[in-house]
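Counting convention: from 1, in listed order, for ligands and their atoms alike. None of the values given here were measured: they were computed from a predicted structure. Residue numbers run from 1 in the order of the sequence given.
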Amino acid sequence: MMNGRIYNFSAGPSMLPEPVLLRIQEELLNCGGSGMSVLEMSHRSKVYDDIICGAVENVREVMQVPDNYKILFLHGGATGLFAALPMNLGTKSGIADYIVSGNFSGGAYKEAKKYLKEARLAGSSEADNFNHIPTPEELTLSPDADYLHVCWNNTIFGTTWKYIPDSGDVPLIADMSSSIMSEPVDVSRFGAIYAGVQKNLAPAGVTLLIIREDLITDPMPITPKIWNFKTQVEKNSMLNTPPTFPIYCVKLVTDYLKETGGLEAIAKKNREKAAILYDYLDSQDFYKTSVKKEDRSMMNVTFRTSSEELDKAFVAGQAERGFSNLKGHRLVGGMRASIYNAMPKEGVEALVAYMKDFAAAH
Ligand SMILES: *Cc1c(COP(=O)(O)O)cnc(C)c1O
């Protein structure tokens with residue numbers, strides 16, 4: 001780490017790779033020989049066209065997105081897609097299945113209810129305070145649904161899907177905001193994958209949508225023009241001014257991913273990082289984690305001490321050690337370490353060293 005930077009365990013917006021930040025700095029005054037900053041550039045210019053097309057190509061290459069999928073950059077965050085998905089995909093039976101495994105999947109379900117004839121609760125782990133991902137036995141799937149929606153990584157609770165639910169011919173739609181490009185994913189098993197970019201890919205401001213072509217049809221008439229997937233495909237995500245800077249950052253981050261070995265390489269690093277934390281958690285009893293072992297997230301690790309006072313003291317002591325954002329989400333309490341792609345292994349090792357010192361002192 002350089003320039004007085006610290007280990008930022010924020011759940012999002014979160015750390016970006018240092019080489020990418022330096023590249024942004026280097027190009028900030030004069031981007032691509034244009035004599036202007038990307039911040040000032042027309043989205044219709046040749047230089048910008050290369051940037052957005054490059055970002056799309058990179059996403060396709062890094063995630064090995066099959067040819068029959070479109071890649072869009074949209075406005076409104078993942079939360080915007082909570083509304084746009086039912087409007088665009090809920091047009092046949094008007095029924096969709098939602099599995100609620102945490103806060104964001106609950107939000108998506110609630111939003112879908114406004115627009116669908118029927119949003120069905122196809123499974124939930126709420127009764128157990130979302131400490132696990134619903135098992136196949138806990139699911140009730142509807143064969144007549146237009147789609148099945150899941151949240152792949154539960155950012156607040158620290159759980160993640162380890163199996164792909166079998167929805168038959170019903171397209172599976174996954175919110176991968178907090179796990180996108182953290183490991184290889186077989187895109188062909190999904191009807192659509194979407195993500196707010198501010199966890200693993202870029203600063204906040206754009207939503208990535210990867211969607212199978214046959215699912216792009218005329219949406220509900222009430223659909224805002226900017227969330228009409230069909231129109232956005234026709235306009236290459238440029239129906240209006242796109243969020244130019246975050247898309248540019250997606251391009252740089254995916255360039256960097258390609259240079260550093262792609263998803264296999266980053267997945268290996270992420271597994272190592274998560275293992276450092278979980279192995280320590282499993283080896284002692286000062287800290288506890290309530291997440292079911294099989295469903296542990298590689299991106300967001302939640303834990304607590306035996307009391308709220310100690311949790312508070314732990315969080316209060318973070319700045320001195322060069323950390324930030326270790327406080328758990330208010331829905332869960334305790335602590336949460338978000339260790340996305342850009343968090344170096346050294347940051348996780350330093351955190352475990354602090355945890356050990358803190359436990360010894362209390
Ligand atoms: C952060 C997050 C969201 C919310 O994203 P916005 O872009 O802020 O709307 C949704 N889903 C998941 C899984 C998240 O981690």
Near-ring test W152/F190, centroid separation under 6.0 angstrom:
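Between F190 and W152, the centre distance is under 6.0 Å.
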Centroid separation Y48 to H43 less than 6.0 Å:
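Centroid distance Y48-H43: not below 6.0 Å, so no.
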Less than 3.5 Å apart, which donor and acceptor atoms pair up between the side chains of residues 215-223 and the rest of the protein, not counting sequence neighbours?
from : atom 1 : to   : atom 2 : distance (Å)
D218 : OD1    : K230 : NZ     : 3.0
T223 : OG1    : M220 : N      : 3.4
T223 : OG1    : M220 : O      : 2.6

Do K235 and F73 form a cation-pi contact, if we require the NZ or CZ to be under 6.0 Å from the six-membered ring centre and within 45 degrees of the ring's axis?
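Geometry flag: not set, cation outside 6.0 Å or 45°.
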What residue pairs, at least two apart or across chains, pass side-chain hydrogen bond (donor to acceptor under 3.5 Å, both in side chains) with a residue in residues 283-292?
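Passing the test, one end in residues 283-292: no pairs.
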Strictly by side-chain hydrogen bond (donor to acceptor under 3.5 Å, both in side chains), give each pair with a member in residues 351-362 just once, sequence neighbours left out.
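Sorted pair list: R321-D357.
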Below 4.0 Å from any atom of ligand 1, which residues have a heavy atom? Give them in chain and number order, please.
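Residues near ligand 1: G77, A78, T79, F82, F104, C151, N153, T155, D175, S177, S178, Q198, K199.
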